[in-house]
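Proteins get letters first, then strands, A, B, ... in listed order; numbering begins at 1 in each.
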Number of protein chains: 2
Amino acid sequence: MVLIAILIININVLYLLKRLSKYIKKLNIKKKTTIKDIANVLNISPAAVSKALHDDSRISDKTKKAVKQVAKNLNYQPNHLASALRKGKSKLVGVIVPRTNSNFFSSVIQNIEEVLNKEGYNIIITQSNESYKKECNNIDTLLFTQVDGIIASMANETVNLEYFEKVKSKGIPLILFDRGENDLNVDYIGINDYDSSHVIIEHLVNQGCKRIAHIGGYKHTRIFNNRIRGYNDALKKHNLPLDAELLIESNLSIKDGREKMTQLLHLKNKPDAVYVASDYAALGALQVLNENNIKMPEDIALVGFGDEPFTAMVTPTLTSINQHSAEIGKQAAKTFLSHAKNKVVKQSLNKIILNAKLIIRDSSDKRP
Amino acid sequence: MVLIAILIININVLYLLKRLSKYIKKLNIKKKTTIKDIANVLNISPAAVSKALHDDSRISDKTKKAVKQVAKNLNYQPNHLASALRKGKSKLVGVIVPRTNSNFFSSVIQNIEEVLNKEGYNIIITQSNESYKKECNNIDTLLFTQVDGIIASMANETVNLEYFEKVKSKGIPLILFDRGENDLNVDYIGINDYDSSHVIIEHLVNQGCKRIAHIGGYKHTRIFNNRIRGYNDALKKHNLPLDAELLIESNLSIKDGREKMTQLLHLKNKPDAVYVASDYAALGALQVLNENNIKMPEDIALVGFGDEPFTAMVTPTLTSINQHSAEIGKQAAKTFLSHAKNKVVKQSLNKIILNAKLIIRDSSDKRP
DNA sequence: TACTACTGCTTAAACGTTTAAGCATATTGT
DNA sequence: ACAATATGCTTAAACGTTTAAGCAGTAGTA
């Protein structure tokens, strides 16, 4: 009996709470103004309001003015979800980068944003942290959010392209930049890595270097493979010997840069120049050289890749390759837009390759 | 007549094009599978499918299994827009930062993302580039996208808080971190800037410094004001004289750091230590000191703020304050979640102040 | 005058999902 | 045996917008 009493009380309490919550809701929730509210005020149909707001030619200027005035007064904010649902376009573009904490990627992102915002698109930025698994999650997240397209730079780890195929198979435009893949039949914007290696080697040769090492990325990543090929071919071109012990693959972190540089210093026949495929790894190398009192560029000339701001901050300042991040971002955005605009017609693929620029600094500049 | 003929032809062409495009659409557009498709396959109602997918207790296990199987087979991806519209929640959270290209902000973002993803939220990152105008645009953009909340760190430029008030007035949770404002009655997560100054001054005094300068931020920004107050009070506490020419306001860019340091070097009575309110400005100062062959820490001890990775990369390595970016990000996300969960009840404000940590490096460490 | 065309709106359906309400049928307690 | 409850679904409306189709009324044309 007591139990039942408690039960009944409980039920009553629950009931009261439910009513209360409904009541409170009614009190608190300042319903956002909708197109319908505007329609009611002006005694016209919601459809007319929608058209007026979009400057449809079939609506009189008088009505348009009135609608816009009322919209302003009521502090109307269009519900993007509703229009996106109706139109089948979210006006969102997903961006996936290994990390935002790099000048290159953050600059690319900024430029993508700039171009796309002008066309009414917003971007959702996600980071893969160089992890394939995180990258897959990001893709799922973006698809779930109904993005109209994805612009991505792949994680170092990524080899399996299944997930990117998934994007393509959904008919969602996919644009890769910097870290792309040959096998994937998608648009791509990047710099000419092969040529960049040539420019670097040429510069080092001009400085009188004869034994040039390369701390490169993993060969399975297209861009790093291209840099390695460029390194090899450029050495040949200048009649310099290819020495296997001078070519090292690395994950290109600061730490690994330190280790690989140390490795090079333990060679019997040390290099007189080191070309590192990333500024971060180059920084590690620079630290090791400084710690060992090896003079740059006299004893060893050092060149990085990416022109991160810190290359101008370290001692000595670090020669590096500028990757035209702004241009890459803009082109990536424009490529997406060209897809978005004519959805039906199957376009030819865009492969945009920009020429990078060598920024010569103290770490490799032997001029007096 | 000819004109009319052309007109008619044109109309015909237009008509044909229209039909053609419809036809092509029918051919190409692989309609995404919806809840309805699943319902049709199993001969149950869409409502049942929705419930099955959400593990509603009123649906039999058998049906649930069947639904999930069919969903998988048809490669079903829930339409987030539709559910968001219906439920009145977008499950999106907007994040506004001055820039992503800083270790502090990118780390905060990463941690916000981590916490929110677990709860089914996605984040939209926008950058203000320290511009008030861009910040307003970002807010509009985010409101338009129907975000469920906004987590922001204000631009240096921002003084007028009208736009942030707009967010609050829409009933959308607003959480500020790092760069907050006293006047704004919102949740805030940051470090104890006042105490941080104390810790720095104490450290410098312990190193034997007696004439400590401060290159600070603009006073109207709360955090920089606090650092300045801390600096003043700490000097008093250690019976060191307050010298107006040793306290300089700056926009804290690298370039301005250079200028302000140069300014300090031109004083008749030079400081023996400089505490800079940002690592970037401290870097500028460090460059100037190096260029003038002034030894750190012997001649002048230098301390930055933020513990950016490059502080460990420069020569000499730079003493700095670690701001607990990870913790700030996590707390900001959690604060938002607590708002999101009980929407109705007006919560008390969260003001979370973390204690920062001094990382002592070569630029100020006089121990042998 | 009689038609066509244009103007300026309205109606109603649609986008894909969720959810309150309802309705059989089966199960349980007394 | 009969009401009460539980189970497992269906129906229908709703979220806020867009848009194709349609319909008066006016203007233009032959």
Query raised in the report: Toward the 5' end of DNA chain D, which comes first, B:Lys87 or B:Asn43, by nearest nucleotide?
Result: B:Asn43
Query raised in the report: Once you round it to whole Å, what is the distance between C1' of C:dG8 and CG of A:Asp56?
Result: 10 Å
Query - Whole-Å gap separating P (C:dA14) and CG (B:Leu85) - result: 17 Å
Query raised in the report: Do B:Gln77 and A:Lys170 touch side chain to side chain, with heavy atoms closer than 4.5 Å?
Result: yes
Report task. Check whether any side-chain heavy atom of B:Thr126 lies under 4.5 Å from a side-chain heavy atom of B:Val95, and answer yes or no. Result -> no
**Report entry** Protein-nucleotide distance (A:Lys89, atom NZ; D:dT19, atom P), rounded to Å
**Finding:** 11 Å
**Report entry** Test item: B:Ile175 and B:Ile150 side chains (from C-beta on) under 4.5 Å apart, heavy atoms
**Finding:** no
Query - Charged N-O contact under 4.0 Å between A:Asp148 and A:Lys87 - result: no
Query raised in the report: A:Ile44 has an atom CD1; how far is it from atom C1' of C:dT10, in whole Å?
Result: 11 Å
Query raised in the report: Considering only C:dT18, D:dT10, D:dT17, which nucleotide approaches the side chain of B:Ser45 most closely?
Result: D:dT10
Query raised in the report: A:Ser60 side chain N/O closer than 4.0 Å to the phosphate oxygens (OP1, OP2) of C:dT7?
Result: no
Query raised in the report: To the nearest angstrom, how far is B:Asp61 atom CG from D:dC9 atom C1'?
Result: 15 Å
Report summary line: Here the distance between atom C1' of D:dG16 and atom CZ of B:Arg86, to the nearest Å, is 12 Å
Query raised in the report: B:Leu53 has an atom CG; how far is it from atom P of C:dT17, in whole Å?
Result: 9 Å
Requested in this report: Could you please name the option among D:dT17, C:dT18, C:dT11 that lies closest to any side-chain atom of A:Ala47?
Outcome: C:dT11
Query raised in the report: Can you find a side chain N or O atom of B:His54 that sits less than 4.0 Å from OP1 or OP2 on C:dT18?
Result: yes
Query raised in the report: Below 4.0 angstrom, N of the basic side chain to O of the carboxylate: do B:Lys341 and B:Glu119 qualify?
Result: yes
Query raised in the report: Out of C:dT17, D:dT10, C:dT10, which has the shortest distance to the side chain of B:Thr34?
Result: C:dT17
Report summary line: Ranking B:Arg58 and B:Pro78 by the position along DNA chain C of their nearest nucleotide, the one closer to 5' is B:Pro78
Requested in this report: Classify the side chain of A:Lys51 and the base of C:dT10 as holding, or not holding, a donor-acceptor pair under 3.5 Å.
Outcome: yes
**Report entry** Spacing of A:Ile38 atom CD1 relative to D:dG16 atom P, expressed in whole Å
**Finding:** 13 Å
